[in-house]
Colleague: 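This is the structure, below, for whatever I ask next.
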Amino acid sequence: MFIQFKNETKSLLQSAVKAAGYGTEDTYLEESSYADISSSIALKLAPQYKKPPANIAKEILQKIQIPAKSYVGRVEVQGAYINFYVNRRFLNQTISSISEEREEYGSLPKKNKRAILEHTSVNPTGPLHVGRGRNPIIGDTLARVLRCAGYDVDVQYYVNDMGRQIATIVWGYDNIDPNILPKLERDKSDHDVVRYYRKSTEAASNPEVESAIMQLLGEYESDNPIVIRKFKKVVERCIEGQKQTLERINISFDKYIWESQFVRDGTVNKVVERLKKTKYARIKDGALVLDLTHFGLEKDFVLTRLDGTTLYTTRDIAYHVWKFDNADIVINVLGEDQKLAMDQLKCALKILGLGRLPQIVFYSFVSLPEGKMSTRKGTTVDLDDLLDEALERAYIEVHKRRPELLEDEKRRISEIVGMGAVRFDIIKVAPEKMMTFRWEDALDFEKQGAPFIQYSHARACSILNKAKLKKFNPNMLVEPQEIELIRKMAMFPNVVDVVAHDLKPHILATYARELAETFNQFYRFVPVLKAEGDLRDARLALVNCARIVLENTLNLLGIEAPKSM
RNA sequence: GUCCCAGUAGGGUAGUGGACAUCCUUUAGGCUUGCGGAGCCUAAGACCCGGGUUCAAAUCCCGGCUGGGACACCA
C-alpha cells in the first residue's frame with residue numbers, strides 16, 4: 001500500500017513542480033518522522049532559482065491537486081519541506097489487504113526473473129563455525145526476501161572439492177590410525193572429518209606426506225575413479241554434518257554445485273582458452289595470467305599454474321558463466337577476504353563479454369576477543385555449540401516463566417526461542433560491520449531481540465484465541481496507537497522491496513523490531529476484548545492483521561512465530 | 001608498505017547531504033482492581049581527530065589515528 005502511496009506522491013509532486021514553473025528530475029521524496037513521506041525539493045531548487053526555499057515549497061503546494069480516488073489525505077508545507085499524509089482510504093485499504101492476503105501479504109508481483117543466490121560455500125574441512133556464521137544467515141534471509149519480492153530463487157552451495165585441503169583429509173583417512181585422534185566430541189560426521197584434517201595437516205609438514213597429498217590431488221583432477229570415490233566420501237560426510245547444523249536454524253539449499261563438475265565437463269578449459277586469446281593474457285614465469293591494469297587492478301590474475309592446472313578463482317569463472325546461463329541475476333554472499341578475487345573474477349567476466357556481473361554481499365568475520373577463528377588451528381567456536389548453548393539458555397527462561405508446561409512443550413518453545421535469538425542477533429547488524437564474539441553477549445537475549453517479536457506475536461494469538469473474528473468496519477479504528485500500527489503494517493511490502501533491491505537484510509530486522517514495538521504500544525493502551533460491539537470487532541480484525549504481519553516478517557527472517565511461549 | 005571496509009552515549013547498534021541523530025543495554029524514576037510484565041512511559045548519556053567542499057556534513061573530499069580484511073602458481 002505504501003508503495004502505491006509513494007508512487008502517487010511522486011507523480012503529484014512532479015506535475016506540481018512543472019506547473020509551478022520549475023524543472024527537476026528527482027522529487028527528493030523520503031520517509032520522515034514528520035510525515036508519511038516528505039520532500040526537500042524546495043531546498044534543492046532554491047540555489048538554482050535564487051528564491052527562499054519556503055516560498056518555493058508554498059508555490060509547489062498550491063499546484064498540488066489531490067485526485068478523487070487517492071491515498072493522499074493532505075499535503076502541508078513546514079519550513080522548506082513538503083509533507084504528505086495518508087488518508088482514511090489508505091488505512092482502510094491496508095487493513096483489508098492484510099485480512100484478505102494473509103500469508104501472501106507483503107509478496108510483490110512475480111517478476112519472472114530467475115535468481116541464483118550462492119551462500120555459505122565454506123571449505124568442507126569441518127563443522128561450521130561462528131567466524132563465518134553470518135554467511136548462511138545473511139544468505140538464507142536474502143533468499144527468503146527475494147522470493148517474497150517475486151524472483152524465482154535457486155539457492156546454491158558451491159562445494160570446493162578440488163582443494164589441497166580435501167586431499168589432505170583423504171590422505172588422513174587412508175593413513176591415520178583413528179585411535180591416535182582426539183576423542184570425537186560430537187557424534188556428527190563433520191566433527192569426525194575435522195579431526196583428520198587437523199592431524200593430517202600436522203603430518204603434511206613431512207615432505208613425503210606432502211608429496212603424497214599432491215599426488216592424490218593430481219589423481220583427483222585426472223579422473224582416477226578410486227580417488228574420486230574417496231574424495232566424494234570425505235566431502236559428503238562433511239557437508240552432511242553442516243547440513244544438519246543448518247537445518248536447526250531453518251536453512252537449506254536447492255542445489256549443491258561441485259567445483260569439480262566444471263573441470264570434468266571441460267568448461268574451465270574452454271574459459272581459459274577463450275581468455276588466453278584476449279589481449280589481456282600473457283605468460284609470466286610459465287604461468288598464464290591476465291594483466292588487469294586496464295581495469296585498475298595492480299595484481300596479475302593467475303589463471304593456471306606452471307603445470308597448466310587451474311586455480312580456485314579460475315574455476316569460479318566457469319561456475320559464474322554457468323550461473324548466467326541459468327539465471328537473470330546472480331548474487332553471492334561472501335566473506336570480505338574474497339574481495340580481490342571477486343574483482344578479478346568480474347574483470348574476467350567482462351573480458352569474456354558476459355554483459356552481466358554478480359552482485360556480491362560481503363560480510364566481516366566474527367572474531368574472538370583474542371583473534372580470529374581458524375578451523376585448522378582449532379581456534380573456533382562451533383555453530384553447533386552456540387546453538388546448544390542458546391537452547392539451554394532459552395530453556396531456563398521458558399521454565400522460569402511457564403513452569404506449569406509439559407516438558408515436551410517447554411523444549412519445543414525453547415527451540416523456537418533459542419534458534420530465533422541466534423538468527424536475529426546475527427542478522428540485525430549490517431554485514432560490513434565487524435563483530436566480536438563473546439559468550440555473554442551472544443547468549444544475552446537482549447530485550448528487543450527475537451523473543452520480543454515472538455512474544456508480541458504470541459500476545460496477538462492469545463487475544464484471538466478468546467474471541468471470534470467477524471465482519472468489521474475499519475472506520476472504527478481512530479486511536480493514535482491504532483493508526484500508528486496500521487501505518488507501520490502498510491510499510492511491510494515496501495520493506496521487502498527495499499531489502500531485495502539493496503540486499504540489506506538487517507533492515508528487515510529493524511522493521512520487525514519496530515513493528516513489535518508498535519503493536520506493544522497498541523496493546524498497552526487500547527483494550528480489545530473489553531471493547532464492545534463494532535469497536536471490538538474492528539480491533540479484533542486489527543489484532544489479526546498485526547498477527548499476520550508479525551508472522552510474515554518472522555518468516556522472512558527464518559524465525560518461527562510461536563502461538564504461545 | 002600499498003589497496004578495500006569499518007569507527008556514532010560506559011558497551012552494542014540504526015541513520016550515508018537536509019527539520020529535534022534511532023533503538024537496545026546501563027543508571028535513576030514511574031505504570032497493572034486492563035488482553036500474557038519476555039510489556040509500557042519518563043529522564044541521563046554519543047557522531048575517532050584535524051582541515052576542506054556546501055545555504056546545509058555523522059553522511060561527500062583530503063590528511064591522520066584505531067580495528068578488520070586483502071596484497072599466493074591457497075581455497
Side-chain angles (χ1 to χ4, degrees), chain A residues 28 30 32-35 38 40 42-44 46-47 52-53 78-81 83 121-123 125 160 162-166 259 284-289 296-300 302-316 335-341 343 362-365 367 371-372 397-398 400-402 417 425 428-436 438 441 444-456 458-467 481 506-507 509-510 513-514 516-517 519-531 539-540 543 564-565:
Chain A
Y28 299 98
E30 53 187 33
S32 156
S33 52
Y34 297 85
S38 179
S40 58
L43 281 163
K44 306 289 175 190
Q78 274 156 35
Y81 295 89
N83 291 334
S121 304
V122 296
N123 291 326
T125 54
N160 308 141
M162 297 210 91
R164 166 216 194 99
Q165 296 161 17
I166 308 306
E259 183 183 14
K284 194 173 131 190
D285 303 329
L288 176 65
V289 305
L297 295 182
E298 299 286 319
K299 293 285 165 189
D300 285 333
V302 181
L303 292 173
T304 66
R305 297 188 180 95
L306 251 175
D307 63 5
T309 57
T310 55
L311 286 100
Y312 173 80
T313 311
T314 314
R315 289 172 233 134
D316 209 7
E336 62 179 342
D337 57 335
Q338 304 286 323
K339 279 182 182 174
L340 176 63
D343 282 341
F362 292 108
Y363 64 91
S364 293
F365 297 116
S367 59
K372 67 169 162 184
E397 296 296 320
V398 173
K400 199 159 70 190
R401 289 162 226 266
R402 304 289 299 277
V417 169
D425 197 55
K428 71 177 187 198
V429 180
E432 68 274 12
K433 302 271 184 176
M434 164 195 154
M435 293 176 100
T436 305
R438 293 185 184 85
D441 294 352
D444 172 26
F445 297 169
E446 179 195 320
K447 293 253 174 146
Q448 292 198 4
F452 172 80
I453 302 155
Q454 291 169 318
Y455 182 67
S456 308
R459 275 178 149 181
C461 290
S462 171
I463 291 179
L464 293 165
N465 261 339
K466 297 186 173 71
Q481 290 84 0
H506 69 283
I507 291 176
T510 305
R513 211 188 51 210
E514 289 172 356
E517 188 175 22
F519 176 74
N520 281 328
Q521 286 163 349
F522 160 82
Y523 181 92
R524 169 70 181 74
F525 289 105
V526 182
V528 178
L529 295 175
K530 297 255 161 79
R539 286 181 181 167
L540 275 171
V543 171
S564 84
M565 61 189 273

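First the proteins, then the strands, lettered A, B, ... as listed; each starts at 1.
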Colleague: Which protein N or O atoms sit under 3.5 Å from an N or O of nucleotides 29-33 of chain B?
Modeller:
| unit_1 | atom_1 | unit_2 | atom_2 | d |
| --- | --- | --- | --- | --- |
| B:C31 | O2' | A:Arg524 | NH2 | 2.9 |

Colleague: Need to verify one output field. Residue with the more 5' nearest nucleotide on RNA chain B, A:Val526 or A:Glu514?
Modeller: A:Glu514
Colleague: For RNA chain B, whose closest nucleotide is more 5', that of A:Gln165 or that of A:Phe522?
Modeller: A:Phe522
Colleague: Using the P atom as the point on both nucleotides, what is the distance between B:U33 and B:U27, in whole Å?
Modeller: 27 Å
Colleague: Counting heavy atoms not belonging to A:Arg305, are there more than 12 under 6.0 Å from its CZ?
Modeller: yes
Colleague: How far does the P atom of B:G10 sit from the matching atom of B:A44, given to the nearest Å?
Modeller: 15 Å
Colleague: Reckon A:Lys372 touches a base, only the sugar-phosphate, or nothing at all at heavy-atom distances under 4.0 Å?
Modeller: sugar-phosphate
Colleague: Can you find a side chain N or O atom of A:Asn123 that sits less than 4.0 Å from OP1 or OP2 on B:A75?
Modeller: no
Colleague: With no hydrogens and no angle check, just 3.5 Å: does a side-chain donor-acceptor pair link A:Arg459 and A:Asn520?
Modeller: yes
Colleague: Looking at A:Glu397 and A:Arg401, is any side-chain nitrogen of the basic one under 4.0 Å from a carboxylate oxygen of the acidic one?
Modeller: yes
Colleague: Nearest whole angstrom, please: distance from the P of B:U2 to the CG of A:Leu297.
Modeller: 18 Å
Colleague: Taking the C1' atom in each of B:A58 and B:U8, what is the distance between them to the nearest angstrom?
Modeller: 7 Å
Colleague: Taking only the side-chain nitrogens and oxygens of A:Lys428, find out if one of them lies under 4.0 Å from OP1 or OP2 of B:G12.
Modeller: no
Colleague: Taking OP1 and OP2 of B:A75, is either one under 4.0 Å from a side-chain nitrogen or oxygen of A:Tyr312?
Modeller: no
Colleague: Within less than 4.0 Å of OP1 or OP2 of B:G12, is there a side-chain N or O belonging to A:Arg438?
Modeller: no
Colleague: Distance check, C1' atoms only: B:C40 and B:C23, in whole angstrom units.
Modeller: 16 Å
Colleague: Between A:Gln521 and B:G39, does any side-chain N or O lie under 4.0 Å from OP1 or OP2?
Modeller: no
Colleague: B:A14 phosphate, OP1 or OP2: any side-chain N/O from A:Arg513 under 4.0 angstrom?
Modeller: no
Colleague: Ignoring backbone atoms, test whether A:Lys433 places a side-chain nitrogen or oxygen under 4.0 Å from the OP1 or OP2 oxygen of B:A14.
Modeller: yes
Colleague: With sequence neighbours left out, write down each residue that passes salt bridge (charged side-chain N to carboxylate O under 4.0 Å, His left out) with A:Glu514, or none if nothing qualifies.
Modeller: A:Lys488
Colleague: Could you check which of B:C40, B:A75, B:G36 has an atom nearest any side-chain atom of A:Arg315?
Modeller: B:A75
Colleague: Rounded to whole Å, please give me the gap between CD in A:Glu432 and P in B:U8.
Modeller: 13 Å
